[in-house]
Amino acid sequence: MKFRYSVSDPSQNEYDSLPRLTFSLHCNNRQAEVVGLVDSGATVSVLPYEIGIRLGEIWDDRTANIRLADNLGNFPATPLAAIAKIGDFEPVRLVFAWVKTDAPLILGQTNFFMEFDVCFYRSKLEFEIMPKLS
């Protein structure tokens with residue numbers, strides 16, 4: 001399934017376009033429509049604090065034990081699993097580092113790229129996602 005690169009602000013032009021994916025997350029009988037950056041350079045998938053709260057999760061500082069790097073290195077993070085529904089694909093369980101800040105939602109190697117094969121076509125401003133073959 002192919003998707004278009006997009007901008008996060010209407011004032012941006014196509015050179016600011018990135019591979020962003022709109023999908024739904026399900027957890028605790030709650031659903032959230034989200035937009036995530038598909039980032040092959042990210043080691044882990046990152047879920048912003050506010051989205052975890054919308055999904056009915058409760059933050060507990062005692063369980064915050066994931067060490068993130070770069071801009072998120074100073075913020076506590078904890079594992080969170082949710083079911084992702086992307087287009088017409090079968091739902092998949094994605095695992096995130098739920099971070100206690102207003103970070104972008106990032107789809108990284110663990111475990112988005114373990115569940116999907118992704119091809120980037122930057123010159124066409126498109127990317128393609130295919131479920132992994134069993």
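- Side chain of Trp98 to backbone of Tyr49: a donor-acceptor contact under 3.5 angstrom is found.
- By the 4.5 Å heavy-atom criterion applied to side chains, Phe96 and Leu105 are counted as neighbours.
- Residue Leu47 comes nearest to Ile51 through the heavy atom pair CD1-CG2, 3.6 Å, listed as atom of the first residue, atom of the second, then distance.
- Listed by chain and residue number, Glu57 satisfy the side-chain hydrogen bond (donor to acceptor under 3.5 Å, both in side chains) test with Asn28 (two or more places apart in sequence, or in another chain).
- Residues Ala103 and Pro48 come closest through the heavy atom pair O-CG, 2.9 Å.
- Hydrophobic cluster of Val35: no remaining members, since no ILVMFWY side chain lies below 4.5 Å from it.
- Using a 30° and 60° split on the angle between ring planes, Phe113 and Phe120 fall in the tilted class, from 30° to 60°.
- A donor-acceptor contact shorter than 3.5 Å is absent between the side chain of Glu115 and the backbone of Phe112.
- The side-chain hydrogen bond (donor to acceptor under 3.5 Å, both in side chains) check on Gln109 picks up nothing, with sequence neighbours excluded.
- No donor-acceptor pair under 3.5 Å is formed between the side chain of Ser24 and the backbone N or O of Ala32.
- Here Arg122 pairs with nothing under the salt bridge (charged side-chain N to carboxylate O under 4.0 Å, His left out) rule; sequence neighbours left out.
- The two atoms that bring Val99 and Phe75 nearest to each other are CG2-CB, 3.6 Å, heavy atoms only.
- Residues that satisfy the salt bridge (charged side-chain N to carboxylate O under 4.0 Å, His left out) test with Glu128, not counting sequence neighbours, are absent from this structure.
- Put simply, the side chain of Asn111 gets close to the backbone of Val95: a donor and an acceptor are under 3.5 Å apart.
- For the residue pair Gly108 and Ser45, the shortest heavy atom distance occurs at N-OG, 2.9 Å.
- The side-chain contact (heavy atoms from CB on, under 4.5 Å) search around Ser6 returns Arg20, not counting sequence neighbours.
- Nearest heavy-atom pair, Ala81 versus Cys27, reported as atom, atom and distance to 0.1 Å: O-SG, 3.7 Å.
- Residues Pro76 and Ile66 have side chains not in contact (no heavy-atom distance under 4.5 Å, counting atoms from C-beta outward).
- Note on residues 7-44: no pairs pass ring-ring contact (aromatic ring centres under 6.0 Å, His included), not counting sequence neighbours.
- Under the salt bridge (charged side-chain N to carboxylate O under 4.0 Å, His left out) criterion, Arg4 pairs with Glu126, sequence neighbours left out.
- The shortest heavy-atom contact between Phe3 and Ile129 is CE1-CD1, 3.9 Å.
- Applying the side-chain hydrogen bond (donor to acceptor under 3.5 Å, both in side chains) test to Thr110 and every residue at least two apart in sequence or in another chain returns nothing.
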Taking distance alone, no hydrogens or angles, what donor-acceptor pairs closer than 3.5 Å link side-chain atoms of residues 83-91 to residues at least two apart or in another chain?
from  : atom 1 : to    : atom 2 : distance (Å)
Lys85 : NZ     : Gly87 : O      : 2.9
Lys85 : NZ     : Phe89 : O      : 2.5

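- Think of Leu18 as one node in a network of Ile, Leu, Val, Met, Phe, Trp and Tyr side chains linked at under 4.5 Å; its network also takes in Leu37.
- The salt bridge (Lys or Arg N to Asp or Glu O under 4.0 Å) pairs that include a residue from residues 36-55 are Glu50-Arg54, where partners are two or more places apart or lie in different chains.
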